[in-house]
Amino acid sequence: MLRAQIEKLSDSQIAKYEEGVVWLLTQLAHQTENASLQGEFESNDMVAIKIFQYIFDRSIEALYYVIKGEDPSNIVFDLNEVGDYYELSIPIDLQMTINNVVPRIVGIASNLYQFMEEEGYMKLPLAKWMYFYMYASSFLAMNFLLEQDLTDK
């Protein structure tokens, strides 16, 4: 990570991805808050880190489809999958590249969670701070994918 961008996005690709991410993360953040209010979600660092990794993975999958000119609308973002096995519909070599950076992603997620906790973000409603947390994951995923050479994938 932190290499030069290889892939470039057109303005329409950026807009499509950004529009989808903002809408989707807002929905997921509210889902999380509703689940919390019903006692189905426990807000802690381990759960948040799993959500961060899940959003990272699914965001890469969605952006991969956008870059390839395919419709990403069939990609499922379901927080019930967090912590369970889920399979991304991307080439295996890209999946292996993602698997290799999982420890770094977990470290980033943990550091971000700790920062947000120390700075008082957790005092905000869950949907608000969770949105920012997931958005950071999606943004990291976008930059990660743009650093990959997708020409043969």
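Heavy atoms only: backbone and side chains are in, while hydrogens, waters and symmetry mates are out.
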Review point. CG/Leu150 to OH/Tyr64 distance, rounded to the nearest 0.5 angstrom?
Key: 6.5 Å
Exercise for review: Decide yes or no on side-chain contact (heavy atoms from CB on, under 4.5 Å) for Tyr113 and Phe52, but give the supporting numbers first.
Suggested key: CA-CA 10 Å; Tyr113 186 91; Phe52 193 95; over 6 Å; no
Check your understanding: Do Leu24 and Met134 pass the side-chain contact (heavy atoms from CB on, under 4.5 Å) test, and can you show the C-alpha distance, the side-chain angles, and the key distance before you say yes or no?
Key -> CA-CA 10 Å; Leu24 180 66; Met134 290 188 297; over 6 Å; no
Exercise for review: Might you point out which heavy atoms bring Leu126 and Glu33 nearest each other, and give the distance in Å?
Suggested key: N-OE2, 3.4 Å
Practice item. Evaluate the side-chain contact (heavy atoms from CB on, under 4.5 Å) criterion for residues Ile55 and Tyr133: first the C-alpha distance (whole Å), next the side-chain angles of each, then the deciding distance (0.1 Å), finally the verdict. Key: CA-CA 10 Å; Ile55 296 299; Tyr133 189 74; over 6 Å; no
**Study point:** Partners passing side-chain hydrogen bond (donor to acceptor under 3.5 Å, both in side chains) against Ser137 (at least two apart in sequence or in another chain)
**Key:** none
Review point. When you look at Ile105 and Ile98, which way does the side-chain contact (heavy atoms from CB on, under 4.5 Å) test go after all the steps?
Key: CA-CA 9 Å; Ile105 300 306; Ile98 294 169; over 6 Å; no
Practice item. Examine distances only and state if a side-chain atom of Ser36 and a backbone atom of Thr32 form a donor-acceptor pair shorter than 3.5 Å. Key: no
Practice item. Using the rule that two of Ile, Leu, Val, Met, Phe, Trp, Tyr join whenever any of their side-chain heavy atoms come within less than 4.5 Å, decide whether Leu28 and Met46 are in one cluster. Key: no
Check your understanding: In Å, rounded to the nearest 0.5 Å, how long is the span from CD1 of Ile67 to CE of Met142?
Key -> 9.5 Å
Study note, to complete from the structure: Across all chains, not counting sequence neighbours, the side-chain contact (heavy atoms from CB on, under 4.5 Å) partners of Gln27 are Trp23
Point to revise | Counterpart residues, side-chain hydrogen bond (donor to acceptor under 3.5 Å, both in side chains), relative to Asn99 (two or more places apart) | key: Gln95
Exercise for review: Drop me the distance from Phe132's CZ to Leu25's CG, to the nearest 0.5 angstrom.
Suggested key: 11.5 Å
Review point. How would you list, by chain and number, every residue that makes a side-chain hydrogen bond (donor to acceptor under 3.5 Å, both in side chains) with Asn74, sequence neighbours excluded?
Key: none
Check your understanding: For Ile92, which fellow cluster members are found when Ile, Leu, Val, Met, Phe, Trp and Tyr are connected by side-chain heavy-atom distances below 4.5 angstrom, either directly or through intermediates?
Key -> Met96
Exercise for review: Would you list the pairs meeting side-chain hydrogen bond (donor to acceptor under 3.5 Å, both in side chains) in which at least one residue belongs to residues 118-127, sequence neighbours left out?
Suggested key: Gln114-Glu118
Exercise for review: Calculate, to the nearest 0.5 Å, the distance between atoms OG and CG belonging to Ser59 and Asn143 respectively.
Suggested key: 11.5 Å
Could you give the side-chain donor-acceptor pairs of residues 77-91 under 3.5 Å, partners two or more places apart or in another chain?
residue: Asp78; atom: OD1; partner: Asn80; partner atom: N; Å: 2.9
residue: Asp78; atom: OD1; partner: Asn80; partner atom: ND2; Å: 3.2
residue: Glu81; atom: OE1; partner: Tyr54; partner atom: OH; Å: 2.5
residue: Glu81; atom: OE1; partner: Arg58; partner atom: NH2; Å: 2.9
residue: Glu81; atom: OE2; partner: Arg58; partner atom: NH2; Å: 3.4
residue: Tyr85; atom: OH; partner: Glu87; partner atom: OE1; Å: 3.2
residue: Tyr86; atom: OH; partner: Asp57; partner atom: OD2; Å: 2.6
residue: Ser89; atom: OG; partner: Glu61; partner atom: OE2; Å: 2.6
residue: Ser89; atom: OG; partner: Tyr65; partner atom: OH; Å: 2.8

Revision key, fill the gap. Here the gap from Met130 atom CE to Leu124 atom CG, rounded to the nearest 0.5 Å, amounts to 12.5 Å
